[in-house]
Amino acid sequence: MKNIEVFIALLKYAIVAGLAGAVGYLVRKRFAEAVIGSAEEEAKRLLQEAEKDAESLKREALVEAKEEIHKLRSDAEREARERRSELQQLERRLMQKEESLDRKSDALERRDNALQQRERETERLRQEIEVALNAQRAELERLSGLSSEEARELILRTVEAEIRHETAMMIREIETEARDEAEKRARNIIALAIQRTAADHVAETTVSVVNLPNDDMKGRIIGREGRNIRALETLTGIDLIIDDTPEAVILSGFDPVRREIARIALEKLIADGRIHPARIEEMVEKARKEVDAVIREAGEQATLEADVHGLHPELVKLLGRLNFRTSYGQNVLKHSIEVAHLAGIMAAELGVDARLARRAGLLHDIGKAVDHELEGTHIEIGVDLLRKYKESPAVIHAVACHHGDYEPESVEAVLVAAADSISAARPGARRETLETYIKRLQKLEEISNSFEGVEKSYAIQAGREVRIMVKPDKIDDAASIQLSRDIVKKIEAELEYPGQIKVTVIRETRAVEYAK
């Protein structure tokens with residue numbers, strides 16, 4: 001029963017829902033139809049308004065287009081008028097140029113005709129002149145008895161002789177002026193270099209003096225039966241002179257390094273007070289190390305002072321050894337530094353390699369550091385050392401030439417030799433007195449002049465070279481060679497001198513005439 005009631009209720013609900021849906025559908029359909037009708041009317045209205053607006057815009061566009069066309073037509077007409085005006089001006093210019101070219105063409109034609117007429121006249125005159133010259137030439141040949149070719153050769157020879165004479169005169173004047181100018185400039189450069197390199201020179205000796213606190217110290221230095229002094233002399237190679245000189249001991253030796261080691265060792269022993277062979281050996285070893293350090297420091301300081309860098313460490317050490325080497329009382333290391341400065345200044349003035357000149361100047365006497373240990377001159381030893389430590393060929397060549405043993409092939413080599421002579425010749429640089437120096441040069445010239453056939457001799461390069469002028473009618477070339485050998489033997493036998501002396505015999509024939 002309940003199910004039937006439920007079913008009836010559901011059916012009622014279904015019927016009501018269906019009726020409601022049908023009513024709603026009808027209502028919506030009528031509303032939609034009303035809306036659609038209203039929209040259609042609005043669309044028709046809008047379409048009519050749009051058609052009116054379009055008609056208005058069309059009329060406005062047509063008016064604007066007509067105005068634009070009118071404006072463009074006006075601009076085109078104006079531009080055409082301007083172009084026509086320009087064309088007319090160009091036509092007038094072209095016509096003027098054509099008229100000008102016509103006038104020029106007429107003038108050129110008239111000038112051409114005149115030139116042709118002148119050429120014909122010139123040709124006629126040339127023929128007349130040629131006929132006249134032939135007649136004159138024939139008359140001259142008849143009068144002089146010479147043909148034209150012979151006369152031409154005679155004139156050419158005369159002119160050539162005159163030109164040669166004038167050329168020789170000009171060359172001699174130029175050479176004289178160049179020589180005077182070169183000597184003047186050389187003096188100025190050398191004077192400038194000397195002024196800019198003002199060095200102090202103190203003559204050094206080959207002995208060292210060690211002061212003692214008292215004379216009793218002499219006995220302690222000698223030791224029992226002289227064992228202390230023998231040990232010191234054996235270890236250092238230096239002679240100790242203990243005499244009546246109060247409170248002083250003299251160290252004598254030609255090796256300055258060993259003498260310096262002995263001096264330092266002896267001063268340490270005196271300060272320590274314990275003097276016996278074992279202590280002496282210990283102090284000598286310490287002194288040797290100190291001197292090695294001093295040598296290295298002196299070499300480094302020399303390279304900095306001379307502005308020379310990149311040297312092999314062994315070369316720097318050898319430079320330091322030169323600080324204990326003297327030449328006629330002149331310290332060789334200071335001399336080398338001075339030569340480096342002089343050569344560098346002169347090279348800079350001449351515009352050549354100043355760095356190379358300074359390097360060669362600093363190393364030019366490097367062979368003197370070990371010349372007492374090796375055979376040969378200090379130049380040969382120095383060249384071998386520089387080759388061993390890979391120095392440049394230019395530096396080696398300059399070092400080899402600084403005493404004139406080899407012919408210099410570079411300006412730097414000449415400057416190093418000049419700087420070496422300047423440094424050695426400074427007043428007070430070397431202990432040799434002026435009187436002794438002059439006597440040695442005079443003796444050298446006397447030996448040279450003692451031979452027959454010698455016209456004049458000159459000692460130059462601070463006595464390192466003698467140049468001998470011989471009489472060419474008495475001494476021939478073969479005799480010149482023998483004469484140089486004889487002079488060398490006599491110099492070696494009679495004269496004492498440092499290093500070596502170069503003997504140059506000069507034989508020449510001169511032809512001299514005077515124009516009056």
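Quick caveat: nothing in here was measured; it's all calculated off a predicted structure.
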More than 12 heavy atoms from other groups under 6.0 Å of NZ on K317: no
Least distance between heavy atoms, H402 atom then V399 atom: ND1-O, 2.6 Å
Where is the tightest heavy-atom contact between P408 and A413, given as atom of each residue plus distance? CB-CB, 3.9 Å
How close do S336 and D365 get, heavy atom to heavy atom, and via which atoms? OG-CB, 4.1 Å
CG of L87 to CZ of R92: how many Å apart, nearest 0.5 Å? 11.0 Å
Does L319 form a side chain to side chain contact (heavy atoms under 4.5 Å, CB included) with L363? I'd like the steps, not just the answer. CA-CA 8 Å; L319 279 175; L363 297 174; 4.3 Å; yes
Interatomic distance, I366 atom CD1 to L311 atom CG [nearest 0.5 angstrom]: 8.5 Å
Any pair counted as side-chain hydrogen bond (donor to acceptor under 3.5 Å, both in side chains), so long as it reaches residues 101-111, sequence neighbours left out: none
Side-chain donor or acceptor of H341 paired with backbone N/O of E338 under 3.5 Å: no
Any non-hydrogen side-chain atom of L362 less than 4.5 Å from a side-chain atom of I337? yes
Output yes when a side-chain donor or acceptor of S56 lies under 3.5 Å from a complementary backbone atom of K52, and no otherwise. no
How many angstroms lie between atom OG1 of T303 and atom CD of E305, to the nearest 0.5 angstrom? 10.0 Å
Side chains of R120 and Q117 only: does a donor on one sit below 3.5 Å from an acceptor on the other? yes
Distance check, rounded to the nearest 0.5 Å: N323 atom CG versus K334 atom NZ? 7.0 Å
Looking at N331 and L333, what are the two nearest heavy atoms and their distance? OD1-N, 3.0 Å
Looking only at atom types and distance, does a side-chain atom of E465 sit under 3.5 Å from a main-chain N or O of T504, one as donor and one as acceptor? no
Using atom types as modelled and distance alone, determine if a side-chain donor or acceptor of H364 lies under 3.5 Å from a backbone N or O of G361. yes
Specify the closest pair of heavy atoms between A265 and A287, including all atoms of both residues, with the distance to one decimal. N-CB, 3.7 Å
Do you know which two heavy atoms are closest between G320 and A298, and how far apart they sit? CA-CB, 4.1 Å
For side chain to side chain contact (heavy atoms under 4.5 Å, CB included), just list the numbers for E119 and E123, CA-CA rounded to whole Å, side-chain angles, deciding distance to a tenth of an Å, and then say yes or no. CA-CA 6 Å; E119 286 178 359; E123 181 65 20; over 6 Å; no
So CD of E391 and CG of L385: to nearest 0.5 Å the spacing works out to 11.0 Å
Does S100 use its side chain to pair, donor to acceptor, with the backbone of Q96 at less than 3.5 Å? no
Hey, what do you get for OG1 (T236) to CZ (R263), rounding to the nearest 0.5 Å? 13.0 Å
CA sep, side-chain torsions, deciding dist, call: H309, L304, side chain to side chain contact (heavy atoms under 4.5 Å, CB included): CA-CA 7 Å; H309 308 287; L304 292 175; 4.2 Å; yes
Which side-chain hydrogen bond (donor to acceptor under 3.5 Å, both in side chains) pairs, counting each pair once, include a residue from residues 282-292, with sequence neighbours left out? K268-E290, R279-E282, E285-R288
Inspect the contact between E130 and R126 and indicate whether a charged nitrogen and a carboxylate oxygen are less than 4.0 angstrom apart. yes
Could you check whether E128 pairs with R124 (Lys NZ or Arg NE/NH1/NH2 to Asp/Glu carboxylate O, under 4.0 Å)? yes
Using the side chain to side chain contact (heavy atoms under 4.5 Å, CB included) rule, take M283 and L266 through it: C-alpha gap first, then chi angles, then the decisive distance, then the call. CA-CA 8 Å; M283 290 300 178; L266 186 57; over 6 Å; no
Strictly below 4.0 Å, N to O, side chains only: are E314 and K388 in salt-bridge contact? no
Qualifying residue for side-chain contact (heavy atoms from CB on, under 4.5 Å) with V63, from K66, E60, E67: E67
If you count heavy atoms of other groups shown closer than 6.0 angstrom to OH of Y406, is the number above 12? no
